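Below you'll find the structure, written out as structure tokens, and then a few comments.
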Amino acid sequence: MATLVITIDGPAASGKSTLAKLLAQKLGAYFLDTGAMYRAVTLAAMKKAIPLADSAAISKMMDNTDFEFSVENGHAKAMVDGVDISEKIRDPQITENVHFVASAPLLRSRLVEMQRKFAAAHQRIVTEGRDQGTVAFPNADVKFFLTADSAERARRRQTELDAKGAAQQIETTAQAMAKRDSSDQNRTVGALVPAIDAIMIDSTGLSIEQVLETMLGHIGPR
Ligand code: CDP
């Protein structure tokens with residue numbers, strides 16, 4: 001069982017993944033990108049032409065599919081049946097459809113179970129997502145809730161998409177993000193809300209280094 005669990009929850013493009021990776025490096029911990037899990041299940045279901053609203057069929061598909069989540073050279077790696085899908089799961093089409101899996105209680109409980117197994121297999125973990133401090137690891141050692149204003153988050157996501165050559169306008173990126181924020185905040189299970197004991201950090205206008213320093217200050221020597 002992990003002796004140190006740090007959770008980072010927050011909305012899209014608030015900086016969770018970047019900060020989780022850096023914190024994990026600093027603390028000699030494993031890094032878990034739980035959004036990649038929701039994305040991988042969505043991609044696998046789409047590839048197998050399973051209707052995304054059919055959570056029972058997706059759950060059955062999960063029984064017969066090998067999902068592997070790891071970290072390679074500091075980057076989160078996701079494999080489905082031996083195929084590396086780390087890049088593919090970031091496609092806007094997956095982003096647009098991930099809410100089906102994310103709002104299905106049956107699938108969420110299966111993914112939370114996988115997240116806890118991951119924690120059980122490592123000494124120290126930094127995990128990021130939407131429900132890590134509230135549902136998956138309510139007893140985590142330190143919980144963060146990272147936010148940033150929506151215009152800045154849309155700009156950050158647009159920069160990532162531009163770097164990949166995705167032909168999407170910032171207005172579309174901002175709209176898609178607002179839709180996903182709303183679905184993340186309003187679902188009945190695993191909704192995006194800060195844990196009562198979460199440390200709130202607004203990263204608007206802060207550099208990555210500044211947020212990292214703030215987090216390390218809260219974590220203290222471990
Ligand atoms: O990187 P970005 O914030 O855009 O998304 P992500 O962290 O890869 O997560 C993709 C989607 O998975 C989110 O919009 C959530 O709906 C869902 N998710 C979730 O429901 N619970 C988590 N612990 C992590 C992600």
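Every heavy atom of this structure was used, including side-chain atoms; hydrogens, water molecules and symmetry mates were not. Just so it is clear, the model here is predicted, and its values are computed rather than measured.
Contact of the Ile94 side chain with the Lys88 side chain is not registered, since no non-hydrogen atoms from C-beta on lie closer than 4.5 Å. Contact check for Ile8 versus Thr127: no side-chain heavy atoms found under the 4.5 Å cut-off. Side-chain contact between Thr214 and His218 is present, with heavy atoms from C-beta onward closer than 4.5 Å. Met62 places none of its side-chain heavy atoms less than 4.5 Å from the side chain of Thr65. Between Ile125 and Leu4 the shortest side-chain heavy-atom distance does not fall below 4.5 Å. Within the 4.5 Å cutoff, side-chain heavy atoms of Ile6 are placed close to those of Ile219. Contact check for Ser59 versus Leu107: side-chain heavy atoms found under the 4.5 Å cut-off.
Although no hydrogens or angles enter the test, the distance criterion places a donor-acceptor pair under 3.5 Å between the side chain of Asp9 and the main chain of Asp131. Not one N or O on the side chain of Thr134 forms a donor-acceptor pair closer than 3.5 Å with the backbone of Ala195. Between the side chain of Ser55 and the main chain of Leu106, no donor-acceptor pair closer than 3.5 Å is present.
Residue pairs that meet the salt bridge (Lys or Arg N to Asp or Glu O under 4.0 Å) test with at least one member in residues 42-59, sequence neighbours left out, are Lys48-Asp81. Sorted by first and then second residue, the salt bridge (Lys or Arg N to Asp or Glu O under 4.0 Å) pairs with a member in residues 58-76 read Asp63-Arg110, Glu72-Lys77; sequence neighbours excluded. Every pair passing salt bridge (Lys or Arg N to Asp or Glu O under 4.0 Å) that includes a residue from residues 170-183 is listed here, sequence neighbours excluded: Glu96-Lys179, Arg153-Asp181. The stretch residues 30-46 participates, sequence neighbours left out, in these side-chain hydrogen bond (donor to acceptor under 3.5 Å, both in side chains) pairs: Asp33-Arg90, Tyr38-Arg108, Arg39-Thr95. The stretch residues 182-209 participates, sequence neighbours left out, in these salt bridge (Lys or Arg N to Asp or Glu O under 4.0 Å) pairs: Arg130-Asp184, Lys143-Asp197, Asp184-Arg187.
Under the side-chain hydrogen bond (donor to acceptor under 3.5 Å, both in side chains) criterion, Glu160 pairs with Arg157, not counting sequence neighbours. Every residue meeting the side-chain contact (heavy atoms from CB on, under 4.5 Å) condition with Val211, not counting sequence neighbours, appears here in chain and number order: Leu19, Leu146, Ile201, Ser203, Leu206, Met215. Take His75 and apply the side-chain contact (heavy atoms from CB on, under 4.5 Å) test, not counting sequence neighbours, and it matches Lys21. Legend: residues meeting side-chain contact (heavy atoms from CB on, under 4.5 Å) with Gln168, ordered by chain and number and at least two apart, are Pro92, Leu161, Thr172, Thr173. In terms of the side-chain contact (heavy atoms from CB on, under 4.5 Å) criterion, residue partners of Asp149 (sequence neighbours excluded) are, by chain and number, Ala151, Glu152, Thr204.
Of all heavy-atom pairs between Ile50 and Ala57, the closest is CG2-CB, 3.7 Å. Across every non-hydrogen atom of Pro105 and Val189, the tightest pair is CG-CG2, 3.7 Å. Minimum heavy-atom separation, Ile58 to Pro51: CD1-O, 4.1 Å. The two residues Ala13 and Met177 have their closest heavy-atom pair at CB-CE, 3.8 Å. Nearest heavy-atom pair, Met61 versus Ala45, reported as atom, atom and distance to 0.1 Å: CE-N, 3.7 Å. In plain terms, the two heavy atoms of Phe31 and Ala76 that are nearest each other are CE2-CB, 3.7 Å.
Hydrophobic cluster of Val135: the remaining members, joined at side-chain heavy-atom separations below 4.5 Å, are Val112, listed by chain and number. Clustering of Ile, Leu, Val, Met, Phe, Trp and Tyr side chains at separations under 4.5 Å places Phe145 together with Leu192, Met200.
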Go through Met46 and Asn97 one step at a time and tell me if the side chain to side chain contact (heavy atoms under 4.5 Å, CB included) criterion holds. CA-CA 9 Å; Met46 287 171 75; Asn97 284 312; 3.5 Å; yes

Start with the C-alpha gap between Arg222 and Asp141, add the side-chain angles, then the distance that decides, and say whether side chain to side chain contact (heavy atoms under 4.5 Å, CB included) holds. CA-CA 10 Å; Arg222 300 268 174 174; Asp141 298 275; 4.0 Å; yes

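Under the 30°/60° scheme for interplanar angles, the aromatic rings of Phe69 and Phe67 are found to lie parallel.
Between the CG atom of Asp91 and the CG atom of Leu43 there is a distance of 8.0 Å, given to the nearest 0.5 Å. Separation of atoms OG (Ser14) and CZ (Phe144) is listed at 13.0 Å; rounding is to 0.5 Å. In this structure, the separation between CZ on Arg116 and CG on Leu32 is 12.5 Å, given to the nearest 0.5 Å. One distance of note links CD of Glu128 with OG1 of Thr18; it measures 8.5 Å at 0.5 Å rounding. Here the straight-line distance linking atom NZ of Lys16 with atom CG of Leu23 works out to 14.0 Å at 0.5 Å rounding.
Under the 4.5 Å side-chain contact rule for hydrophobic residues, Met114 and Val98 share a cluster. Linking Ile, Leu, Val, Met, Phe, Trp and Tyr residues whenever their side-chain heavy atoms come within less than 4.5 Å leaves Phe137 and Val142 in two separate clusters. By the criterion of side-chain heavy atoms lying less than 4.5 angstrom apart, applied directly or through intervening Ile, Leu, Val, Met, Phe, Trp or Tyr residues, Ile208 is grouped together with Leu27 in one hydrophobic cluster. Residues Val126 and Ile199 share a single hydrophobic cluster, defined by chaining ILVMFWY side chains whose heavy atoms lie under 4.5 Å apart.
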